Amino acid sequence: MEKKVLITVRDLVAKYGENLILDHVSFEVYQGEILFILGGSGCGKTTLIRHMMGLAAPASGQIVIDGVDITRCSDADFQKTLRKIGILFQGSALFGSMSLAENIALPIEEYSGLSSSVINDLVRMKLCRVDLAGFENYRPHELSGGMKKRAGLARALALNPKILFLDEPTAGLDPVTAAEIDALISQINRNSGTTMIVVTHELSSIYGLAKRVIMLDKERKGIIDEGDPYFLKDNSSHPSVRRFFNRQPETIMENGN
Amino acid sequence: MKSNEHSSAHYEISDRGDRVIAVRFRGNIDVDTASAIHKSLFPLLSDRNPSKLVIDLEAVTAFDDYGALILAELKHLVPEGKDAFEVINAKNQSKEVLYQVDFETLEKCAVSIKSKRSVHLLVNLGETTLSQLSTIRLMVAFLGSVFLAFTKVIMNPKSLRMDDTIGYMEDTGVHALPIVAMISFLLGLIIAFMSSMQLKQFGANIYVASLVALAMVSELGPIMTAIIVAGRTGSAYAAEIGTMKISEEVDALFSMGFDPTLFLVVPRMIASIMVVPILTLFSDIFAITGGLVIGVMMLKLSPGAYITQTIDTLTLTEIIWSFAKSIVFATLISWVACLRGFQAQGGAASVGNAATSAVVSSIFLIILFDSIFAVIRSYWG
């Protein structure tokens with residue numbers, strides 16, 4: 001079966017001031033897949049997804065999401081495209097002045113057209129889904145890191161988006177909590193067919209979830225390799241990619257001199 | 001089709017007699033259609049007052065938690081009990097969605113979302129009292145730690161962060177000068193103009209100079225400067241320290257062995273105490289210039305006479321009082337602003353609150369201490 005392309009990034013050039021971060025990056029994201037964006041620190045992963053989420057304007061190039069080029073479409077089309085996107089930010093970005101329930105109810109109230117009594121039930125379901133039932137009235141700062149991530153995920157999923165961006169979903173979490181988040185991600189992907197773009201460093205997540213990864217490189221300022229992580233681990237033609245997957249330092253310290 | 005059947009694009013309702021109603025859903029029951037289904041289906045069903053609902057999901061092509069929501073709401077329509085609500089022919093995907101949202105036990109985790117706080121008067125009173133007490137405790141503790149930090153600086157002047165202090169002096173003093181100058185000049189202008197209206201009637205034009213000088217130097221100069229500093233600098237201090245507090249930077253300082261008070265508060269307080277009196281002096285000078293402009297242009301006084309009269313009016317005591325006041329005000333503003341910053345906890349809103357309450361508390365303290373000064377002076381003689 002032919003895989004349907006959902007997002008196309010074509011010749012994307014990204015700059016911070018005069019500083020070139022990404023140089024002519026092109027790739028495609030297929031419907032229903034979990035795509036991992038990998039690379040060492042400072043190679044432009046976050047920059048890349050910020051552009052894909054419409055939070056930054058590229059110096060040149062195209063980003064087509066579900067048929068709409070978000071770099072040069074009308075405001076109305078852009079807003080429509082944003083509704084198809086859910087984002088889990090690195091720090092969860094929950095609104096500190098609101099309870100968990102209010103955080104999740106916010107986009108639902110704005111866009112779903114459901115009455116507020118019904119929304120209460122929906123919010124409870126959303127929280128059940130990420131295993132946070134009973135925490136409706138907690139403020140974000142009263143939650144642990146893992147709970148914040150799950151709450152952020154529940155908010156990102158509030159409107160059942162077609163596409164979900166996850167920026168370091170398991171960074172800084174203990175292995176068990178991280179595995180729970182991974183399981184949740186895979187379950188949502190399987191169940192709702194949500195296309196996911198994940199930025200992470202966690203090798204266990206990558207081996208557990210990824211069928212396809214793209215690897216960015218700081219020197220190249222773009223994609224250095226892409227494919228199945230198990231394949232790239234041993235067979236990538238780039239030593240730096242093999243080093244990444246095998247967790248090897250760039251220079252191996254020998255004993256003595 | 002029987003007359004009591006109803007069908008639409010997404011569902012058809014059939015009555016099986018004895019208030020048993022079957023709803024057969026079809027097509028997509030998801031985020032895009034849930035609102036429309038909910039609006040049209042519920043009036044139809046609640047009119048019939050069903051005793052049992054049978055939900056058929058066989059023809060459903062897409063189902064998500066918004067679909068589950070519709071089912072949950074339908075469940076509310078029938079009396080509680082195991083048999084009153086039945087879902088049949090659900091596909092695996094729908095079943096998994098229902099399982100994930102804990103559909104069967106959903107009622108158990110029912111917590112009302114709004115109205116978190118208890119509204120009981122006594123509880124509120126108790127909570128407020130406790131929070132006020134803890135605020136007072138914090139204030140005393142903070143006062144103590146500021147004293148300790150100042151003692152440390154006096155014992156060991158090298159522990160003061162000089163670069164920071166100079167930076168804050170520039171921020172608080174140099175950058176505030178244009179606005180202080182502008183406001184004071186206009187204030188001098190206004191006072192001179194208003195008083196001249198009255199004094200002209202008695203031919204006492206020259207006393208406009210005395211009035212402007214006295215009013216500004218002993219009262220308005222220190223107060224206006226302090227209020228401007230509270231608005232400009234106090235709020236900034238509170239917001240800076242508040243942001244550091246909620247992003248755990250203060251904890252980081254503490255864990256590295258720095259005294260946060262010594263590191264953050266002392267440089268700010270010293271900077272304010274150094275520059276606010278100078279700002280006040282500038283404020284006085286600009287106000288007197290404003291008075292001079294009115295005196296020369298409207299009252300036809302000579303500049304020389306105006307300045308001589310001003311100098312004759314002002315005594316050294318006046319000027320020393322003015323300085324003393326501005327030093328006290330500067331201490332109060334910077335102290336309370338830093339305190340409010342340290343009180344911030346939680347999220348972005350608390351930083352905003354800290355900045356606001358820093359300004360409000362500063363202005364309150366300025367006026368309070370100004371009255372105390374007035375009382376002291378009245379006994380001084």
Side-chain angles (χ1 to χ4, degrees), chain A residues 83-84 86 91-105 107-109 111-142 148 154 157-162 183-184 187-188 190-194, chain B residues 28-39 41-42 62-76 91-117 245-248 344-353:
Chain A
R83 294 259 314 267
K84 297 176 186 165
S92 296
L94 295 166
F95 302 119
S97 56
M98 299 179 184
S99 69
L100 271 197
E102 287 166 330
N103 261 291
I104 293 162
I108 301 177
E109 275 165 4
Y111 295 115
S112 73
L114 291 166
S115 60
S116 58
S117 63
V118 184
I119 289 175
N120 276 9
D121 285 336
L122 183 60
V123 167
R124 212 170 296 136
M125 285 187 188
K126 295 280 180 197
L127 284 171
C128 274
R129 197 170 184 190
V130 295
D131 219 8
L132 282 175
F135 290 93
E136 283 86 353
N137 289 326
Y138 279 63
R139 294 291 173 98
H141 66 93
E142 297 168 322
K148 265 188 216 166
L157 290 170
L159 294 167
N160 292 345
K162 259 180 135 166
L184 201 58
Q187 189 193 51
I188 291 159
R190 197 158 22 91
N191 208 256
S192 322
T194 313
Chain B
N28 294 359
I29 311 297
D30 61 10
V31 57
D32 299 320
T33 57
S35 173
I37 293 175
H38 185 260
K39 282 200 183 99
L41 178 61
F42 276 73
F63 190 80
D64 63 8
D65 42 9
Y66 282 76
L69 176 70
I70 299 279
L71 299 198
E73 297 304 308
L74 286 173
K75 209 174 176 180
H76 291 318
K91 292 176 189 162
N92 281 342
Q93 191 257 343
S94 318
K95 271 188 196 156
E96 200 176 336
V97 170
L98 290 177
Y99 171 73
Q100 274 164 15
V101 298
D102 288 357
F103 186 71
E104 293 301 324
T105 56
L106 201 60
E107 307 308 315
K108 286 183 195 158
C109 54
V111 185
S112 91
I113 286 176
K114 298 271 155 78
S115 79
K116 178 189 180 184
R117 301 250 171 250
K245 177 84 192 302
I246 63 165
S247 57
E248 297 178 326
Q345 54 179 320
S350 68
V351 177
N353 284 341

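This is a predicted model, so every value here is computed, not measured. Chain letters run A, B, ... following the sequence lines, proteins first, then strands; residues in each count from 1.
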Checking heavy atoms, do the side chain of B/E73, its backbone, both or neither come under 4.5 Å from chain A? side chain
Return yes when atom CG of A/D131 has more than 12 non-hydrogen atoms of other residues, nucleotides or ligands closer than 6.0 Å, and no otherwise. no
Taking all non-hydrogen atoms of both residues into account, name the closest pair between B/A72 and A/M125 and its distance. CB-CE, 3.5 Å
Identify which part of A/S112 has an atom lying under 4.5 Å from any heavy atom of chain B, answering side chain, backbone, both or neither. both
Using non-hydrogen atoms only, which part of B/A348 is less than 4.5 Å away from chain A: side chain, backbone, both, or neither? neither
Kindly check if the number of other-residue, nucleotide or ligand heavy atoms within 6.0 Å of CD (B/Q345) is above 12? no
Working to the nearest 0.5 Å, report the span between OG of A/S192 and CG of B/D65. 7.0 Å
Could you check if a side-chain atom of B/Y66 sits within less than 4.5 angstrom of a side-chain atom of A/L159, using non-hydrogen atoms only? yes
Within the structure provided, determine whether B/H76 and A/D121 are in side-chain contact (heavy-atom separation under 4.5 Å). yes
Are B/L69 and A/L114 packed together at the side-chain level, in the sense that at least one heavy-atom pair is separated by less than 4.5 angstrom? yes
